[in-house]
There are 2 protein chains.
Amino acid sequence: MSEKLVRIDKIDRRILECLQQDGGLTNQELAERVGLSPSPCLRRVRALEEAGVILKRVTLLERKKLGLSLTAIILISMDRHIPERFEEFQKRIEECPEIQECYLITGHDADYMLKAVVPDMDVFQELLLNRITRIPGVSGVHSSFVLRRVVDKTDLPLGYV
Amino acid sequence: MSEKLVRIDKIDRRILECLQQDGGLTNQELAERVGLSPSPCLRRVRALEEAGVILKRVTLLERKKLGLSLTAIILISMDRHIPERFEEFQKRIEECPEIQECYLITGHDADYMLKAVVPDMDVFQELLLNRITRIPGVSGVHSSFVLRRVVDKTDLPLGYV
DNA sequence: GCCAAATTCGCAAACACCTTGCGGGCATTT
DNA sequence: AAATGCCCGCAAGGTGTTTGCGAATTTGGC
């Protein structure tokens with residue numbers, strides 16, 4: 001299910017490029033852009049979904065319009081590197097809707113890198129002090145805040161496919 | 001255009017929750033889920049788009065199926081903090097399709113935090129040495145690599161709206 | 001380089017969905 | 001209590017999706 005042996009030709013790549021950019025495209029528009037008639041185009045999209053290349057379609061919302069004006073980058077270190085601690089940490093992090101990303105990373109500075117979206121500093125403080133630092137094993141926490149979004153996109157580079 | 005005075009009631013919130021999770025929902029399905037008939041539902045969606053709350057719809061793809069198995073977190077420091085350097089840096093970063101996120105951040109450790117998606121270490125090395133570190137003003141670079149994606153989602157927390 | 005097999009295309013028809021104007025009901029205001 | 005404005009649902013026409021099928025193209029073997 002997760003092997004990467006998926007044949008992707010020129011047309012598939014253009015389909016993926018278009019859909020990455022605009023998931024609201026009708027099949028007709030998509031077909032026109034990739035130079036195909038609607039039916040084979042839809043069949044290719046279905047096949048790409050079936051193959052697991054296309055994961056899901058989502059709608060992106062504007063943070064500021066929703067009063068979510070603060071984005072924080074949090075680096076976290078764990079004291080004892082035992083599996084149970086990591087499992088527990090990950091479970092607790094998944095429960096926080098404010099956390100959009102959480103990666104286990106290499107390097108000695110930190111074990112986890114998180115990105116959180118909150119309305120303001122008060123909520124951030126609550127998240128950090130009441131929820132994150134209370135998780136067993138969390139020893140070091142370092143937070144930065146996003147001043148400016150230079151790049152913030154979801155599309156993958158398809159030039160290597 | 002970017003003020004946040006947007007009236008969002010219970011139904012709008014449910015619409016946004018549904019669309020964040022599944023952008024491929026038909027208007028009929030959406031209407032049913034939020035307890036509305038198709039026409040007022042579509043009108044609300046249109047209004048939310050018009051108001052700029054709904055930004056765009058995108059399709060998320062599976063990295064590994066496309067041979068993009070390496071994700072890097074890069075922290076960058078700049079030597080002289082003059083506007084021209086930052087402008088130039090940002091312009092050059094935008095040209096890299098591998099860079100999905102680039103934030104200007106607070107804190108003394110770094111000025112920018114980037115996330116890059118690449119096929120392998122060779123490409124990462126090329127990106128880092130030939131493109132990023134060659135940008136005038138870049139003085140410090142620290143890279144980490146993603147070992148495991150604990151959380152990786154695009155939906156915002158709507159509990160505060 | 002040719003032929004057979006498999007794949008993938010485009011067409012057309014049936015179906016589902018979107019989209020608009022309109023009338024009616026509910027809430028808020030005067 | 002009446003008037004106003006807002007938002008709902010209905011219905012009809014237009015648009016897009018989806019399926020089977022025959023034709024064309026590509027793939028692989030000899």
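Note on naming: letters A, B, ... go to the chains in the order of the sequence lines (proteins, then strands), and numbering restarts at 1 for each one. Values in this document were obtained by computation on a predicted structure and should not be read as measured data. Computed from heavy atoms alone, side chains included, the values below leave out hydrogens, waters and symmetry copies.
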Heavy-atom protein contacts under 4.0 Å, nucleotides 16-27 of chain C, coded B base, S sugar-phosphate only, - none: -SSSBB------
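In this structure B:E95 satisfies the side-chain contact (heavy atoms from CB on, under 4.5 Å) test together with B:K91, B:R92, sequence neighbours excluded. By the side-chain contact (heavy atoms from CB on, under 4.5 Å) test, B:D109 pairs with A:H142, sequence neighbours left out. Under the ring-ring contact (aromatic ring centres under 6.0 Å, His included) criterion, A:F145 pairs with A:F124, sequence neighbours left out. Taking B:R33 as the reference, nothing meets the salt bridge (charged side-chain N to carboxylate O under 4.0 Å, His left out) condition, with sequence neighbours excluded. In this structure A:E126 satisfies the salt bridge (charged side-chain N to carboxylate O under 4.0 Å, His left out) test together with A:R131, sequence neighbours excluded.
Applying the ring-ring contact (aromatic ring centres under 6.0 Å, His included) test to pairs two or more places apart or on separate chains, none has a residue in residues 17-36 of chain A. Pairs engaging residues 140-161 of chain A under the salt bridge (charged side-chain N to carboxylate O under 4.0 Å, His left out) rule: A:R63-A:D152, A:R149-A:D152 [sequence neighbours left out]. Here salt bridge (charged side-chain N to carboxylate O under 4.0 Å, His left out) pairs that include residues 71-80 of chain B, with residues two or more places apart or in two chains, are B:D79-B:R85.
Here D:dG16 presents its P atom at 10 Å from CD of A:E32, a figure rounded to the nearest Å. Here D:dT26 presents its C1' atom at 16 Å from NZ of A:K10, a figure rounded to the nearest Å. Protein atom CZ of A:R33 is 16 Å distant from nucleotide atom C1' of D:dG16, rounded to whole Å. Regarding A:L36, its CG atom lies at a distance of 14 Å from the P atom of D:dT17, rounded to whole Å. Separating the CG atom of A:L30 from the P atom of D:dT15 is a distance of 20 Å, rounded to the nearest angstrom.
If one axis is set at each end of the helix from C:dG1-D:dC30 to C:dT30-D:dA1 from five pairs, those axes are 50° apart, to 10°.
Taking Ile, Leu, Val, Met, Phe, Trp and Tyr as members and joining any whose side-chain heavy atoms lie under 4.5 Å apart, directly or through other members, the hydrophobic cluster of B:V146 also contains A:I73, A:L75, A:Y103, A:I105, A:M113, A:V146, B:I73, B:L75, B:Y103, B:I105, B:M113.
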Can you give me the N/O atom pairs linking the protein to nucleotides 12-14 of chain D at distances under 3.5 Å, or say none if there are none?
none

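Side chains of A:D120 and A:S69 form no contact here, defined as non-hydrogen atoms less than 4.5 Å apart.
To the nearest 0.5 angstrom, B:L158 atom CG is 5.5 Å from B:E17 atom CD.
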